[in-house]
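Below is one structure, written out as structure tokens; comments come after it.
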Amino acid sequence: MSAIHPKITEVLTHTFKVPVAEIRPDATMDSLEMDSLAVAEFAVLIRETMGGDGDFDKLPKDATLADITRYIDATVGSGALMGGEAPTSNAR
């Protein structure tokens, strides 16, 4: 999996309190119990964490984490990874 996957994992675990065991390439936002507001917040956090301006609305609702990783990799690039800890949220 791409170097972006660890950042996605960090955002999901730290911000949305998703258990690491649930963060699999075939998981969808729905299977992670992420409602539309949480998905929108996730998109904003990924943009802030990784830079870029990818449009997550272009992803299908049933996109897997592998799909999302590939999309971010294509729009942002793994070279754009920025350091720092993911912010926390009470969304979950």
Side-chain angles (χ1 to χ4, degrees):
M1 182 109 349
S2 161
I4 291 169
H5 187 71
K7 278 296 184 188
I8 290 174
T9 300
E10 181 180 340
V11 169
L12 289 172
T13 58
H14 288 99
T15 305
F16 298 100
K17 309 301 184 213
V18 175
V20 173
E22 293 180 22
I23 303 173
R24 301 176 322 275
D26 64 331
T28 64
M29 290 294 167
D30 191 43
S31 72
L32 297 176
E33 298 180 19
M34 302 273 287
D35 63 19
S36 58
L37 183 59
V39 172
E41 185 178 353
F42 171 77
V44 169
L45 291 172
I46 288 296
R47 281 187 207 112
E48 289 175 355
T49 302
M50 305 178 94
D53 57 355
D55 183 4
F56 283 80
D57 291 337
K58 292 182 179 179
L59 287 168
K61 182 174 172 35
D62 61 346
T64 64
L65 291 182
D67 297 333
I68 293 168
T69 299
R70 280 190 295 274
Y71 177 74
I72 294 168
D73 196 29
T75 58
V76 176
S78 57
L81 293 175
M82 297 167 50
E85 189 172 311
T88 58
S89 171
N90 296 324
R92 187 164 166 120

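Values below: all heavy atoms of this structure, side chains included; hydrogens, waters and symmetry mates excluded.
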Would you confirm whether Ser31, through its side chain, and Ala27, through its main-chain N or O, come within 3.5 Å as a donor-acceptor pair? no
Determine whether a donor-acceptor pair (N or O, by modelled atom type, separation under 3.5 Å) exists between the side chain of Thr13 and the backbone of Glu10. yes
Could you measure the distance from the [atom1] atom of [X] to the [atom2] atom of [Y]? Nearest 0.5 Å is fine.
X	Y	atom1	atom2	result
Ile8	Leu45	CD1	CG	12.0 Å
Ile23	Leu65	CD1	CG	7.0 Å
Arg24	Thr9	CZ	OG1	12.0 Å
Met34	Phe42	CE	CZ	6.5 Å
Glu41	Ile46	CD	CD1	11.5 Å
His5	Leu12	NE2	CG	8.5 Å

Using a strict 4.0 Å threshold on nitrogen-to-oxygen distance, state whether Arg70 and Asp67 make a salt bridge. yes
For the student: nearest non-hydrogen atoms of Glu22 and Leu32, plus distance: O-CD2, 3.3 Å
Looking only at heavy atoms, what is the nearest atom pair of Thr64 and Pro25, with distance? CB-O, 3.2 Å
Close side-chain approach of Ile72 and Lys7, heavy atoms under 4.5 Å: no
Are the side chains of Met29 and Asp62 in touch, meaning some heavy atoms are under 4.5 Å apart? no
